[in-house]
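One structure is given below, encoded as structure tokens.
Every chain is numbered from 1 and lettered A, B, ... according to where its sequence line falls, protein lines coming before strand lines.
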Amino acid sequence: MTTAAESRPGAAALRGACVGAPDSKAASRALLKSLARFRPAEIAARSRTALNLMRALGMAPPSVSCGEGGLDLLPHVLPPAEWEALEAGVAQRFAAMRALTADIYSSRRILRERIVPPETILTHPAYLRDCVGLRGPRLAAAAFDLVRETGGPWRLVRDHLAFPTLAAFALQNRRTQSQVFSESFEGLPVQPVGAFTHGLRGAILGSGSARRAGRTVLLSAAAGPAAAFEHSFLARKMGLTMALTQDLTVRGGRLFLKTVRGLERIDAVFRAGAGDLLDPVVMPGREGVPGLLACLRRRSAAVSNPYGCAAAESRALWPFTDRIIRFYLGSRALLQPLPAYRAADRDQALLLRDNPGAFRFFTELHEAVSPDSAAAVLAARPDELVAHRPAVFDTLPLLGADGTACGEAPFLLRCFAHADGGDVRVMPGGLTLLAPGGDPLDAAAWVCKDTWVLAPSRARREPRAQGEAAWAPRALGSRVAEALYWMGRYAERAETTARMLNVLDEIRIEAGGADVAVARPLWQALAAALGTPIRRMRARILAGYPAAVFDIALGAGEPHSVLTSLRRAADNARTLMDYVSPEAFTVISRLEQSLGAAAGAVQPGAPGALPAVRAALDAMLSELAAFHGMAARTMLHDEGSHFFHAGLHVERLIFTLTAAATAFGSALVRDSRHVDSDLENPVLAGLLRMLGCQDAYRRRFQRGAQPGPVAKLLLASPQLPASAAFCLGHLRRFLHPYRARCAAAVRIVNGMADAAESGRTAALLGGRGARRKAPLAAWRWAERIGEANHAITDALFNPAAAGDRSFTAEFGTRAVARGGSR
Amino acid sequence: MTRFNIRHTTRYRYPGGAVESFGELRVEPRETPGQRVRRFSLALRPGTETRRFVDYFGNVVHDFAIPHRHTILEVASRCEVEVAARKIPEASLEVPIAEARQIFGPHRLEHFDYKMATALVPTGAEFLPYVRDWLGPGKPMGEALRSLNHFIFTRFEYRRGATDVETDAASVARRRRGVCQDFAHFMLGVLRTARLPCRYVSGYIESGTPAPGSRGPALIGAAASHAWVEALLPGQVWLGLDPTNDLVAGERHVVIAVGRDYNDVTPLRGTYRGPKAGKPAVEVRVERLAESSES
């Protein structure tokens, strides 16, 4: 960077130009001019860093494709004067919408007093008649989309009343901008945005039931990585526990969170996402929490934002903006939506019918309607159709991929507001979304910009202090525990499989590339540990060794490949983004990307394929070690980490037991028992290498690998991490706090641990009669571990159905029962 | 005045077991100007607490929850209802349709729900020919409604299994067959296309003896609950019309719930977790207790 650290003489001039600019377009242009002090290649490199960071966080929103543009590092700069007017308009709209959304579910004065016609509200699909008359919290937070007409005023083009969608993106963009391009802030009085989540938390808790406002969860619909990022970001920042619908259950008219120690009472819910997630009892076939509406009727739980408030988002309400605001607030509307024509109005319908080319058409639900199909909608369902005169919208400069200015694009500014007692607070700035395609009303792809509001503005009030400490459930949520457990299992599976593959290939290389007899039982051991039929594995290796190794290592469609295991670990991590630290998550997410990229780059049949696969596996093994280190450093060593490690040890146990039993059952080991010598058994030596304990063996026994001692080491050594005794000891300690809920698993694990530590298990493999017993033992052990796994799953991950094991097989099938009335 | 003793039992079997059953029951008859509920009791098996509330449309609802595992869900309601013959004011019946619309005009908000199209009752072109034939602007309300009722009775074929709970009024208009629910939906589609407020009624009908002036030995709708239509007349009077039996609903009809269409009045709606259950066994018995005056 050329001049980043210098105190520039131009800084004051830039500040003057931005603060005094007539509008945000002029201010942003002034900032763009000042960026000439950086080399374009430098800006381009930082843009790529920003993009990679966004990808690693899963920030590819479903409705907002960041494309290659990602975050445009030229911020959208709002001068103080322009922002003050905007902020007042947004705050006023929020206050009006707060009143309107409460009114349409209670006395409906706005309809009774004919301020707006009934069809604008009552035909809206989001108007939930089942929620009319529920008394609960009012609107806590919302988002509003604005555009600026060229040379004209700002216009509202969309309300988001169910949830302040993408607020997390605005906050993360500020963080990214300051991380990768801190010099851009130099000398400019940019107002911070971080207080928003704190204020939002106050708005949610303040709106809950006054008695125990603390026990609040953020309810999320698991709808893709972008939503997972957004909801977990907010949950983390607000100190709320994140729940999916299946984490909540209703008992006796009260709402509960399922945890590994049983059900924990919940008083309030902050619902995230635009979907309603209400109650499938009243919305058949839709996702939700069965019985939730009964809780709301009993007022045993409160939900923000109120269900059904999206009915007030209708475009058909726009022509009545002045009347609505005067009705509720007694003032003139400061922020007008785009002028709109309603087909439900007969005179306007005639105008629209006769001049379809002169308008842009939308449904009341904001879907664009082509002029051709508008006529049909106009005739059949006029209530749904709204039209606007085409308008030209203002643009902002855009940085290209090469780091230089590449023209301008129209944009949309999404502003976020939340309640603050009876008052309203607006996040300074918001999320700027550029539509390089040209149409901010109906864009397919967006590019984000950090949005800067420059001080001086009127003095900021601090958000009201919220007395309650953050509530955290006493126990870990069952779903979180389960995801951590499986994350541990898959991470371990990826690691051990990779290590075994490396050793197998080394053995092949050491034998000069020949198919040595020693390798066969070891391949068998790997196949058994992975649960693949050995015949299939052998057929594959015969068909082509490099291709077989590639499939087990990097095969994307392979259920047992290293890549698949790693992806599953990352998938589980993604559902845990409110729990896993961003640092640890970034590591595993990058690891998944790089291994996936390696898989795409290697040609399975090509000459250099094997070394390339090995290199990818080695890189993964060291990155995985980094992940474990990062997780150990940045995450709480709490109940959750116990579940992660339990999964890891269960998986390691499966590998050790099945691999050992398979290898010991092979003829090469069986027959060596008759030879009473100190010679090393090559199969057992390979097994020790595969399980990563050759050094430990040498140190302990100081001789060649032989059945008795190897069995003792792998099964009965409580100090060796790969040993069954070690893993079982860990599981025994892990299960102890849950022994009352989990008696079946405790029985199995304790029984196996006792047998392993006493050496009885080792005797089965290494002792007399092992020839017959070893393969049988392998099956038996695999079964026992499977049983223990099921018992843990039933007791800890599915507490609502505890004691009901036959049911868990059906988990997830939900049928809608409907009475017949014929 | 007639008194009925009604027993209504619905039984679901879940051979694979069900847990977390949550639901709402609309089985308690509502009070209407011609109907008094003297007694009502509800029993669920497995036994569970229910809670009573009144819904958006004024119907009585009981919600229930059965969290633990069960293989059977039985809902048994019993009620004793008094139904009186209602005198519909002649004046209301004689108002011409166009004038009725004028009279309804200022009540747009109150009537809005009962004039709007719904998933099961769309409005529009499909129903226009029937509006033209039966609901001409000059026709008196009473006569027009009865003739439309009679038309459905004579021209639509009552056939079980021809439709299901999701069949909408437009497809009934095309196929002209179905059961009481379909006839009611169709009639609502015609009335709403004519911009007349009307609502779906779920209820019971006394059967077993021939209805006066009706064909056939017994009224249809006996084996399970029944459905018909109420149309609004000027003077805020709801006139019950039963197109399945060509009757004006009267002393032999017991109203349970009203709504925009079947979805608003489903006797049992809810969810459970477990394998899909088969069809429920439904049993309805309507018994006449006493007659206090001439019928």
Side-chain angles (χ1 to χ4, degrees), chain A residues 108 111-114 117-119 121-123 125 128-133 246 249-253 256 263 279-286 288-295 297-298 379-381 383 800-801 803-822, chain B residues 10 12 14 16-27 49 51 53-57 63-65 67-69 73 75 108-109 112-113 116-117 124-125 160 165 179-181 202 221 223-227 260 262-277 279-280 282:
Chain A
R108 308 208 288 196
L111 299 178
R112 284 193 287 116
E113 299 187 20
R114 301 183 198 192
E119 70 272 11
I121 303 285
L122 298 183
T123 59
L128 304 176
R129 285 167 175 75
D130 289 298
C131 292
V132 173
Q246 68 264 32
T249 188
V250 173
R251 290 285 182 278
F256 292 92
L263 300 179
D279 183 342
V281 170
V282 294
M283 294 182 156
R286 298 262 299 271
V289 182
L292 180 56
L293 194 64
C295 296
R297 270 196 304 269
R298 288 163 170 79
R381 306 183 304 276
D383 285 354
D804 189 16
R805 292 193 47 187
S806 57
F807 165 73
T808 53
E810 307 295 340
F811 206 85
T813 41
R814 169 173 289 163
V816 176
R818 292 191 122 190
S821 83
R822 292 152 187 251
Chain B
T10 309
Y12 283 90
Y14 310 106
V19 295
E20 305 207 2
S21 278
F22 290 90
E24 287 181 359
L25 299 163
R26 281 172 176 77
V27 291
E49 215 178 290
R51 191 162 151 138
F53 66 94
V54 174
D55 74 7
Y56 178 86
F57 299 100
D63 67 22
F64 69 90
H68 55 267
R69 185 183 155 86
L73 170 63
V75 178
R108 187 153 181 245
L109 177 59
F112 191 87
D113 287 318
M116 71 184 277
R160 286 173 187 279
V165 280
V179 294
C180 53
Q181 171 179 332
S202 90
S225 43
H226 190 46
R260 291 166 300 168
Y262 170 76
N263 286 338
D264 287 336
V265 298
T266 318
L268 167 57
R269 66 178 185 181
T271 68
Y272 63 93
R273 285 208 272 207
K276 247 192 157 77
K279 283 201 167 170
V282 182

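Heavy-atom distances place no part of B:Phe64 under 4.5 Å from chain A, backbone and side chain included. If you measure heavy-atom distances from A:Asp279 to chain B, you find no contacts under 4.5 Å at all. Of the atoms belonging to B:Asp55, not a single heavy atom falls under 4.5 Å from chain A. With a 4.5 angstrom heavy-atom cutoff, A:Ala380 does not touch chain B via any of its atoms.
In plain terms, the two heavy atoms of B:Thr271 and A:Val281 that are nearest each other are CG2-N, 4.1 Å. A pairwise comparison of heavy atoms in A:Val250 and B:Phe22 identifies O-CZ, 3.4 Å as the closest pair. B:Met116 and A:Thr123 get closest at one heavy-atom pair: CE-CA, 4.1 Å.
Between the CD atom of B:Glu20 and the OG1 atom of A:Thr249 there is a distance of 4.0 Å, given to the nearest 0.5 Å. Interatomic distance, B:Arg108 CZ to A:Glu119 CD, rounded to the nearest 0.5 Å: 4.5 Å.
We find that B:Asp264 and A:Arg129 are not joined by a salt bridge, their nearest charged nitrogen and carboxylate oxygen being 4.0 Å or further apart. The pair A:Arg298-B:Glu49 fails the salt-bridge criterion, with no side-chain N (NZ, NE, NH1 or NH2) lying under 4.0 Å from an Asp/Glu carboxylate O.
No more than 12 heavy atoms of other residues, nucleotides or ligands lie within 6.0 Å of CZ in A:Arg114, so this atom counts as exposed by the packing criterion.
Contact check for A:Met283 versus B:Arg269: no side-chain heavy atoms found under the 4.5 Å cut-off.
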